[in-house]
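Got a structure for you, questions after.
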Number of protein chains: 2
Amino acid sequence: MVYKTSEVPADIEIPEEISGLRMTRQRQEVYRTLMQERNHPTANDVFMRVKDRLPNISLATVYNCLEALVQHGIIRQVNFERESSRYCPNLSEHGHFHDETTGVIHDIDFKPGVHLADLLNLPPGAVIEDVEITLRGKLLTA
Amino acid sequence: MVYKTSEVPADIEIPEEISGLRMTRQRQEVYRTLMQERNHPTANDVFMRVKDRLPNISLATVYNCLEALVQHGIIRQVNFERESSRYCPNLSEHGHFHDETTGVIHDIDFKPGVHLADLLNLPPGAVIEDVEITLRGKLLTA
DNA sequence: CCAATATCAAGAATTATTCCAATTATTATT
DNA sequence: AATAATAATTGGAATAATTCTTGATATTGG
Ligand SMILES: [Mn+2]
Ligand SMILES: [Mn+2]
Ligand SMILES: [Zn+2]
Ligand SMILES: [Zn+2]
């Protein structure tokens, strides 16, 4: 079943349209889940959570919504090795540290004033559209 | 058919054992291919090339060999988004720039003296075991 | 209201990679 | 050298994340 966008509950503060993307009920709930659970969930994680609110949503729709949100620059897709893609609503430039002990993924910011592209020997004429920084290691709690 | 390691042709300069890994004929040919074709081939690319020399090699073996070489730090596995894994024999610390126009992947070095981990706000206690830097964009030739 | 377009749902299809079982090769032991 | 134990290879089956397809439903604009 497709939910009418006009039946959106009152407690949502997500606009009806973001940068040209129609915010359907499904897209809103997918986006809300990412905003509430900032632990870089997979499509399936999102699917399970969104089902609490939209019991009839399909996994394909979650994938469609995530892709639409990524395409419009509202969220970011994050990949570790060959694992399932994860999704992140943090739009500030940041990298990801994957703690192998706990599985937790930490957002990593640059120190102030650092611009990665300045530190690389890029080939002349290179126009960078996207940068991904991935760190793998352990977080010692001792 | 399994090739006897003793029947290795004379023009190979790869040692019989590298850091504890038995260099079988299959592993030698996989490694040789990576050294000769520095364009970050996929497992299937390697498979097709190696078949010229070992017509009976299987794709599973190519995957096995690549994994063994990666595990022993002899080559690196490189991932772009959700595409097939690619493999790189360049062991110096470097990143990868994926030119979307041509599909070519360029090795990217840091400018001298740059150490990425120094520029990031890592959580206290983080021990980094691996860093991956991936750039996507276009190489203007004009 | 109507037509055109967009979105959704369910399940099938795709595909890179891994797994499995049988065979062959290598190494260690007698 | 023969034998036993271990490791590697092969071909095909299995896996699993993602994408595709198709029919239904919703939205938009006239
Ligand atoms: Mn639940
Ligand atoms: Mn060929
Ligand atoms: Zn993030
Ligand atoms: Zn490389």
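Chain letters run A, B, ... following the sequence lines, proteins first, then strands; residues in each count from 1. Side chains included, hydrogens not; waters and symmetry mates left out as well; all remaining heavy atoms used.
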Phosphate OP1/OP2 of D:dT10: any B:Q26 side-chain N/O under 4.0 Å
yes

Using whole Å, report how far CG of B:N56 lies from P of C:dT23.
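About 17 Å, once rounded to whole Å.
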
Rounded distance (Å) that lies between atom C1' of C:dT24 and atom CZ of B:R22:
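For the pair B:R22 CZ and C:dT24 C1', the rounded distance is 11 Å.
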
Measure CG/B:L69 against P/D:dA8 and give the value in whole Å, please.
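Nearest whole value for this atom pair: 12 Å.
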
Ignoring hydrogens and geometry, is there a side-chain-to-backbone donor-acceptor pair from B:R27 to B:L69 under 3.5 Å?
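Not a single qualifying donor-acceptor pair exists.
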
In whole Å, what is the span from the OH atom of B:Y63 to the P atom of D:dG12?
17 Å

Taking atom P of C:dA6 as reference, at what distance in whole Å does atom NE2 of A:H72 sit?
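Atom NE2 in A:H72 sits about 12 Å away from atom P in C:dA6.
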
Protein-nucleotide distance (B:F47, atom CZ; C:dT15, atom C1'), rounded to Å:
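Whole-Å distance recorded here is 15 Å.
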
How would you label the contact of B:S85 with the nucleic acid (heavy atoms, under 4.0 Å): base, sugar-phosphate, or nothing?
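Since only primed, P, OP1 and OP2 atoms lie under 4.0 Å of B:S85, the category is sugar-phosphate.
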
Just by modelled atom types, is the B:R136 backbone N or O under 3.5 Å from a matching donor or acceptor in the A:E129 side chain?
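Looks like no, no N/O pair under 3.5 Å.
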
By the 4.0 Å heavy-atom rule, please label B:T61 as base, sugar-phosphate, or nothing.
base

side-chain hydrogen bond (donor to acceptor under 3.5 Å, both in side chains) with A:R38: which residues, sequence neighbours excluded?
none

Hey, does B:L139 have a side-chain heavy atom less than 4.5 Å from the side chain of B:H106?
yes

Would you say A:T24 places a side-chain N or O within less than 4.0 Å of OP1 or OP2 belonging to C:dA6?
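No, outside the criterion.
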
With a 4.0 Å limit, can you tell me whether A:R82 has a side-chain N or O closer than that to the phosphate oxygens OP1/OP2 of C:dT17?
yes

Return the 5'-most residue of the pair A:S58, B:N44 with respect to DNA chain C, ranking by each residue's nearest nucleotide.
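Its nucleotide being nearer the 5' end, the pick is A:S58.
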
Whole-Å distance separating the CG atom of B:L21 from the C1' atom of D:dT6
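After rounding, the reported distance stands at 15 Å.
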
Can you check the A:L59 CG to D:dC20 C1' distance for me, whole Å?
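From A:L59 CG to D:dC20 C1': 13 Å.
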
Taking atom types as modelled, find out whether A:H94 and A:H96 have a side-chain donor-acceptor pair closer than 3.5 angstrom.
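Note: A:H94 and A:H96 side chains meet the donor-acceptor criterion.
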
B:N64 near the nucleic acid: base, sugar-phosphate alone, or nothing, with a heavy-atom cut-off under 4.0 Å?
base

